[in-house]
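These notes are about the structure you will find just below.
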Amino acid sequence: MDFEIRFNSDDNHKKIRIKGENLIALPDAYTVIDIETTGLDQRYDQIIEIGAVKVVNNSITDTFESLVQPDPSLVLGDNDEWQTEYVDEFITELTGITNEMLESAPPPEEILPKFIAFIENDTLLGHNIHFDINFLYDLLIETVDHRLSNNFVDLLRLSRKVYPHFENHKLATLASLLGVKEVKGHRALSDCRITHECFQELVHSVHIRNIDLDSLWKSRSKSRPGYIRALDLRELKPEGFTVNEDHPIYDKYCTFTGKLERMDRRTAAQIVVNIGGKCLNSVTKETNFLILGNFDYCSSIRDGKSSKLKRAEELMLKGQDLKVLSEDIFYDLITSY
DNA sequence: TCTCCTCGAGATCT
DNA sequence: CTCGAGGAGA
C-alpha cells in the first residue's frame with residue numbers, strides 16, 4: 001500500500017479507502033452486512049444500526065445486530081432541551097428507529113470491536129455493498145483505527161447481469177420477483193436475511209441455467225462463450241424497399257468517424273444501406289465517403305484529426321474517389337432524392 | 001483483432 | 001459506482 005492520503009486541487013486532502021477486492025463469485029460461505037444510517041450522504045450522515053448474518057454451507061449459523069449511537073456533536077441540531085435529534089421523521093418512518101432508541105444505544109467504540117470479531121476475515125455480501133462498506137470503513141478507521149479490508153460480493157452487481165430483464169434491481173424488487181418474503185421494515189438484520197435469501201435464489205438460477213459467471217463480464221474474446229461481437233457495419237442488410245439507384249450514395253462505400261449528433265451510428269449506417277450504399281468499419285481503398293461526427297468528448301483529439309480522417313486525406317492525395325462529409329452535409333444527402 | 005482509455009448515462013443505498 | 005460505446009494503437 002503506497003499512500004493513504006492524496007492531495008487534490010479542489011479538496012484539501014481526501015482519504016483514499018483501501019478496500020478489499022470486489023469479487024465476481026458465488027461463495028457458499030460469507031457474511032451478509034447491512035447498515036441503517038441517518039441518510040444517504042457519506043460526508044454528513046452517520047450509522048445508526050449494524051446487522052450481519054454469518055453463512056456457512058449456504059446456511060445461517062450466526063447473527064449480529066445492534067443499534068449504534070451517532071456522535072451527538074455531528075447531529076443535525078438539537079431541536080430542543082430534552083432530547084437530541086439524531087434522526088428525522090423520514091428515517092423513523094422508514095426504519096422504525098426513533099430518537100429514544102438511539103439515546104440509549106451503545107456508542108461505536110463499544111460495538112465495532114464486536115462487529116470486527118464477528119465478521120473475521122469473511123467475504124462480505126451486501127446489496128449495493130459499497131454504500132455499507134464506505135460508511136463502515138470510515139467509522140472503523142476513525143474510532144478503532146481498523147482498516148476494513150475484507151473482500152466482498154455485491155448482490156446488486158450480480159443481479160443486473162443474471163436478471164437483465166428485471167425492471168429494476170432494488171432489494172425489494174428482487175425479493176418480490178424471486179419469491180423471497182419480506183418481513184418487517186427496513187432494519188439491518190432483516191435486510192441481511194432478505195439479501196441472503198435473494199443471493200441463494202440467484203445462485204440457484206445460475207446453476208439451473210448453467211451460466212458461466214465470468215463470461216457475463218469480460219471474456220469478450222471471440223473464441224469464448226458470452227462473446228458479444230462489436231457492431232460490424234458491413235453486415236447490415238437493407239430494410240424495406242427504398243433503394244434508389246440514382247442516389248449519390250448508391251453502391252458507394254461509407255465510413256463513419258466521431259460521434260454523430262442527431263442519431264447513433266448504427267441508425268445512420270442503416271439508412272445508407274437502405275438507400276443502396278454500403279458501410280465499412282474503417283477507411284480502406286474502397287471508401288468513397290467519410291462522414292465526420294464531432295470529437296468534443298475526446299480530449300486527445302478535440303481540434304485535431306482522427307486517424308480515420310488522416311488516412312482518408314492520404315488516399316485522396318493518391319487520387320481515390322473519396323469525399324469527406326460533415327454531418328450536416330450527410331443529412332442533406334440522405335434526406336434528398 | 002485485442003487491450004486500454006475516456007466519456008456519458010443510469011441506478012442503488014438511508 | 002457500473003457499464004457500454006467508440007477511438008487509438010499495437
Side-chain angles (χ1 to χ4, degrees), chain A residues 17 19 22 24 32-51 67-68 70 76 86-97 102 125-137 152-161 163-164 166-175 185-188 190-192 194-195 198 216-224 227-233 255-261 263-269 281-283 290-302 304-311:
Chain A
R17 301 187 186 96
K19 304 193 282 193
N22 187 353
I24 294 173
V32 191
I33 58 169
D34 186 62
I35 61 173
E36 304 304 313
T37 67
T38 59
L40 292 173
D41 197 315
Q42 326 252 322
R43 291 168 300 178
Y44 313 122
D45 293 316
Q46 302 193 66
I47 296 176
I48 55 177
E49 186 177 45
I50 300 178
L67 291 171
V68 180
L76 312 169
Y86 296 102
V87 289
D88 56 27
E89 320 77 50
F90 176 80
I91 295 298
T92 298
E93 173 67 21
L94 181 70
T95 65
I97 298 173
L102 291 171
L125 172 70
H127 188 256
N128 194 17
I129 194 170
H130 288 282
F131 177 83
D132 307 82
I133 288 194
N134 288 342
F135 268 101
L136 286 166
Y137 189 101
F152 56 92
V153 173
D154 188 355
L155 177 65
L156 172 62
R157 196 181 178 209
L158 290 172
S159 131
R160 283 182 171 149
K161 284 292 188 183
Y163 306 115
F166 282 6
E167 62 209 38
N168 67 60
H169 296 82
K170 296 174 186 170
L171 185 58
T173 307
L174 291 187
H186 257 285
R187 292 299 293 266
S190 56
D191 280 357
C192 283
I194 293 169
T195 300
C198 287
L216 291 181
W217 271 267
K218 46 169 197 260
S219 76
R220 306 202 145 186
S221 113
K222 200 175 190 174
S223 51
R224 299 186 190 191
Y227 170 72
I228 301 165
R229 260 153 80 216
L231 177 61
D232 187 348
L233 299 183
T255 300
F256 295 87
T257 184
K259 178 176 168 54
L260 299 177
E261 291 295 333
M263 59 180 79
D264 63 29
R265 184 176 291 195
R266 193 207 170 92
T267 308
N281 302 309
S282 56
V283 176
L290 177 65
I291 294 97
L292 220 49
N294 79 54
F295 288 92
D296 290 348
Y297 63 93
C298 186
S299 54
S300 60
I301 297 184
R302 204 79 74 180
K305 295 175 178 177
S306 72
S307 60
K308 282 178 179 174
L309 180 52
K310 290 177 187 164
R311 176 99 198 274

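Lettering of chains follows the sequences in order, A, B, ..., and the numbering in each one begins at 1. Just so it is clear, the structure is predicted and the values come from calculations on it, not from any experiment. Excluded from the calculations below are hydrogen atoms, water molecules and symmetry mates; all remaining heavy atoms, backbone and side chain alike, are included.
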- Query: Is any side-chain nitrogen or oxygen of A:Trp217 closer than 4.0 Å to OP1 or OP2 of C:dT2?
  - Reply: no
- Message: For a quick test of reading the model: is some side-chain N or O of A:Lys161 closer than 4.0 Å to OP1 or OP2 of C:dG4?
- Response: yes
- Report yes if a side-chain nitrogen or oxygen of A:His127 is closer than 4.0 Å to either non-bridging phosphate oxygen (OP1 or OP2) of B:dC13; otherwise report no. yes
- Query: Which part of the nucleic acid, if any, lies within contact of A:Asn168, taking any heavy atom under 4.0 Å across all strands shown: a base, the sugar-phosphate backbone alone, or nothing?
  - Reply: sugar-phosphate
- Would you please say whether a donor-acceptor pair under 3.5 Å links the side chains of A:Lys170 and A:His127? no
- Message: Do A:Val153 and A:Ile24 have side chains that approach each other closer than 4.5 Å (heavy atoms only, starting at C-beta)?
- Response: no
- Item | Polar side chain donor-acceptor pair, A:Thr173 to A:Asn168, under 3.5 angstrom | yes
- Contact class for A:Asp191 vs. all strands (heavy atom < 4.0 Å): base, sugar-phosphate, or nothing? sugar-phosphate
- Message: Rounding to an integer number of Å, can you tell me how far A:Glu89 CD sits from B:dT14 C1'?
- Response: 14 Å
- Query: Base, sugar-phosphate, or nothing for A:Ile129, non-hydrogen atoms under 4.0 angstrom?
  - Reply: nothing
- Message: From CD of A:Gln42 over to C1' of B:dC13, roughly how many Å is that when rounded to an integer?
- Response: 9 Å
- Over how many whole Å does the gap from A:Phe131 atom CZ to B:dC13 atom C1' extend? 4 Å
- Between C:dC3, B:dT14, B:dC13, which one does the side chain of A:Thr37 approach most closely? B:dT14
- Task: Remember a base hit wins even if backbone is also touched, and classify A:Ile35 as base, sugar-phosphate or nothing at under 4.0 Å, heavy atoms.
- Result: sugar-phosphate
- Task: Any strand is fair game: report the nucleotide pairing with B:dA11 by Watson-Crick or G-U wobble, both distances under 3.5 Å, or none.
- Result: none
- Looking across every strand, which nucleic acid part, if any, lies under 4.0 Å from A:Phe90 by heavy atom: base, sugar-phosphate, or nothing? base
- Answer yes or no: is there an ion pair linking A:Arg187 with A:Glu36, defined by an N-O contact shorter than 4.0 Å? no
- Whole-Å distance between C:dT2 P and A:Leu158 CG? 12 Å
- Message: What contact category does A:Leu156 fall into here, base, sugar-phosphate, or nothing, at under 4.0 angstrom with non-hydrogen atoms?
- Response: sugar-phosphate
- Message: With rounding to the nearest 0.5 angstrom, report the CG to SG distance, A:Asp132 to A:Cys192.
- Response: 8.0 Å
- Query: Atom NE2 of A:His130 and atom C1' of B:dC13: how far apart are they, to the nearest Å?
  - Reply: 11 Å
- Query: Can you check the A:Asn134 CG to B:dC13 C1' distance for me, whole Å?
  - Reply: 10 Å
- Indicate whether OP1 or OP2 belonging to B:dA11 is found under 4.0 Å from a side-chain N or O atom of A:Arg157. no
- Message: Here's a test of your reading of the structure: between A:Arg160 and A:His186, which maps to the more 5' nucleotide of DNA chain B?
- Response: A:Arg160
- Task: Whole angstrom is fine here: how far is it from CZ in A:Phe135 over to P in B:dT14?
- Result: 10 Å
- Task: Would you kindly give the NE2-to-P distance between A:His169 and C:dC3, to the nearest whole Å?
- Result: 12 Å
- Using distance alone, with no hydrogens and no angle criterion, decide if A:Asp191 and A:His186 have a side-chain donor and acceptor under 3.5 Å apart. yes
